[in-house]
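Residue numbering restarts at 1 for every chain, and letters A, B, ... go by the order of the sequence lines.
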Protein chains: 2
Amino acid sequence: MKISTKGRYALSIMIQLGRVYSEGEYLSLTEISEREHISLKYLEKIMISLKKADFFLVQKGKEGGYLLKKDPSEISIGSIIRAAEEELDVVDCVKSGGCPKKNQCGTYPLWKGLSEEINLYLDSKFLKEYL
Amino acid sequence: MKISTKGRYALSIMIQLGRVYSEGEYLSLTEISEREHISLKYLEKIMISLKKADFFLVQKGKEGGYLLKKDPSEISIGSIIRAAEEELDVVDCVKSGGCPKKNQCGTYPLWKGLSEEINLYLDSKFLKEYL
DNA sequence: GTAATTCCTACTAAATTAGTAGTAAAATAG
DNA sequence: CTATTTTACTACTAATTTAGTAGGAATTAC
């Protein structure tokens with residue numbers, strides 16, 4: 001039951017972007033890589049997942065980088081971790097489609113409940129609190 | 001953020017033992033293996049972890065097996081999953097000893113809080129509810 | 001046009017999780 | 001007392017997931 005380093009690094013990226021958000025300047029992965037001591041190549045890979053959540057304005061080329069679209073007070077930690085980890089459910093049967101036997105399954109409510117608990121907790125925390 | 005199959009199978013074992021608890025008879029892994037369609041060898045391995053939590057009375061040899069020491073209403077799901085998964089913390093820095101920088105770490109409270117949330121939830125559910 | 005950057009595809013390595021195999025030791029029924 | 005059933009112990013192997021790297025194409029500011 002571990003959060004992956006991908007998830008933790010994703011949060012680091014978002015924290016760095018959150019810190020410069022008010023300045024309205026684009027921050028490059030090279031810069032984040034140096035500040036957080038994470039390889040540029042790995043950050044690029046993590047960024048692929050994060051971009052799907054539509055968190056950023058992107059500026060290619062020199063002086064380019066990423067800029068948050070929303071204020072850090074409006075970005076939940078849950079939305080970040082879900083984007084990075086792809087999902088935040090403790091068992092696969094919980095997700096849409098899921099297990100066909102879920103209604104007969106005695107432990108399904110347990111895992112469903114736990115997944116909801118985790119998502120609720122992480123959705124109650126916002127990026128701004130961790131800058 | 002998945003519960004491992006080891007954790008889920010551990011719960012299956014406990015559910016089977018919980019169902020026969022009141023009869024006071026020992027239930028063998030061979031029997032559980034057939035009822036749950038899990039290989040005997042794998043169950044043996046999972047049992048090594050569960051035994052550390054001191055859940056069972058053990059009877060070797062013919063007609064032997066395992067018998068719960070406590071009533072299923074007194075065995076929390078948290079204690080089962082912690083025994084099987086070894087720990088239930090979302091990051092390593094949370095556990096005793098843990099990361100030396102935890103007091104300077106901005107996200108430590110987040111992961112600590114989430115781990116507590118998960119443990120609290122699973123400790124509020126008891127085996128009896130899933131028999 | 002050059003340097004800095006994102007974007008894209010494809011790999012490789014490491015670690016964890018899942019599962020198997022064989023045998024020894026204990027206990028009981030008969 | 002012996003055959004059988006069961007746990008206990010030790011050591012593997014296989015599969016899957018996670019972590020991390022490599023190289024180059026496209027884009028843009030200066």
Set of residues satisfying side chain to side chain donor-acceptor pair (under 3.5 Å) with respect to [X], sequence neighbours excluded:
{"X": "A/E117", "answer": "none"}
{"X": "A/E74", "answer": "none"}
{"X": "A/S73", "answer": "A/D71"}
{"X": "A/E34", "answer": "none"}

Measure the [atom1]-[atom2] distance between [X] and [Y] for me, rounded to the nearest 0.5 Å.
{"X": "B/I118", "Y": "B/I81", "atom1": "CD1", "atom2": "CD1", "result": "11.5 Å"}
{"X": "B/R19", "Y": "B/L127", "atom1": "CZ", "atom2": "CG", "result": "9.5 Å"}
{"X": "A/Y21", "Y": "A/K128", "atom1": "OH", "atom2": "NZ", "result": "10.5 Å"}

If you group Ile, Leu, Val, Met, Phe, Trp and Tyr by side-chain heavy-atom gaps below 4.5 Å, do B/I32 and B/I77 land in one group?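 Yes, B/I32 connects to B/I77 through the hydrophobic network.
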I'd like to know if B/L114 and B/L120 are part of one continuous hydrophobic network [Ile/Leu/Val/Met/Phe/Trp/Tyr, side-chain heavy atoms within less than 4.5 Å]. no
Of all nucleotides in DNA chain C that come within under 4.0 Å of a heavy atom of chain A, which is furthest toward the 5' end and which toward the 3' end?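 The contact span of chain A on DNA chain C goes from C/dA3 to C/dC8.
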Per-pair distances, 0.1 Å, donor-acceptor, side chain in residues 6-16 of chain B, under 3.5 Å, sequence neighbours excluded:
{"residue": "B/K6", "atom": "NZ", "partner": "B/S49", "partner atom": "OG", "Å": "3.0"}
{"residue": "B/S12", "atom": "OG", "partner": "B/R8", "partner atom": "O", "Å": "3.2"}
{"residue": "B/Q16", "atom": "OE1", "partner": "B/R35", "partner atom": "NH1", "Å": "3.4"}
{"residue": "B/Q16", "atom": "NE2", "partner": "B/E36", "partner atom": "OE2", "Å": "2.6"}

When you measure from every atom of DNA chain C, which of residues 16-41 of chain B have a heavy atom less than 4.0 Å away?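 Listed by number, they are B/S39, B/K41.
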Within residues 63-70 of chain A: residues closer than 4.0 Å to DNA chain C (heavy atoms): A/G64, A/G65, A/Y66
Mind calculating the distance between CE (B/M1) and P (D/dT17) to the nearest angstrom?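 Computing the B/M1:CE to D/dT17:P distance gives 17 Å.
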Value in whole Å for how far the C1' atom of D/dT21 lies from OH of A/Y9: 14 Å
Residue set satisfying salt bridge (Lys or Arg N to Asp or Glu O under 4.0 Å) with A/D92, at least two apart, ordered chain then number -> A/K95, B/K2
Does A/S4 place a side-chain N or O at less than 4.0 Å from the phosphate oxygens OP1/OP2 of D/dA19?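 For A/S4, the contact criterion (side-chain N or O under 4.0 Å from OP1 or OP2 of D/dA19) is met.
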N/O to N/O distances under 3.5 Å, protein versus nucleotides 25-28 of chain D:
{"residue": "D/dT28", "atom": "O2", "partner": "A/K62", "partner atom": "N", "Å": "3.3"}

Would you say [X]'s side chain and [Y]'s backbone share a donor-acceptor pair under 3.5 angstrom?
{"X": "A/E87", "Y": "A/R82", "answer": "no"}
{"X": "B/S33", "Y": "B/I38", "answer": "yes"}
{"X": "B/S115", "Y": "B/V90", "answer": "yes"}

Strand contacts (DNA chain D) in residues 45-54 of chain B, 4.0 angstrom heavy-atom criterion: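 Residues of residues 45-54 of chain B under 4.0 Å from DNA chain D: B/K51.
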Residue pairs fulfilling salt bridge (Lys or Arg N to Asp or Glu O under 4.0 Å) with at least one residue in residues 48-62 of chain A, sequence neighbours excluded: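 Counting only pairs at least two positions apart or across chains, the salt bridge (Lys or Arg N to Asp or Glu O under 4.0 Å) contacts touching residues 48-62 of chain A are A/D54-A/K69.
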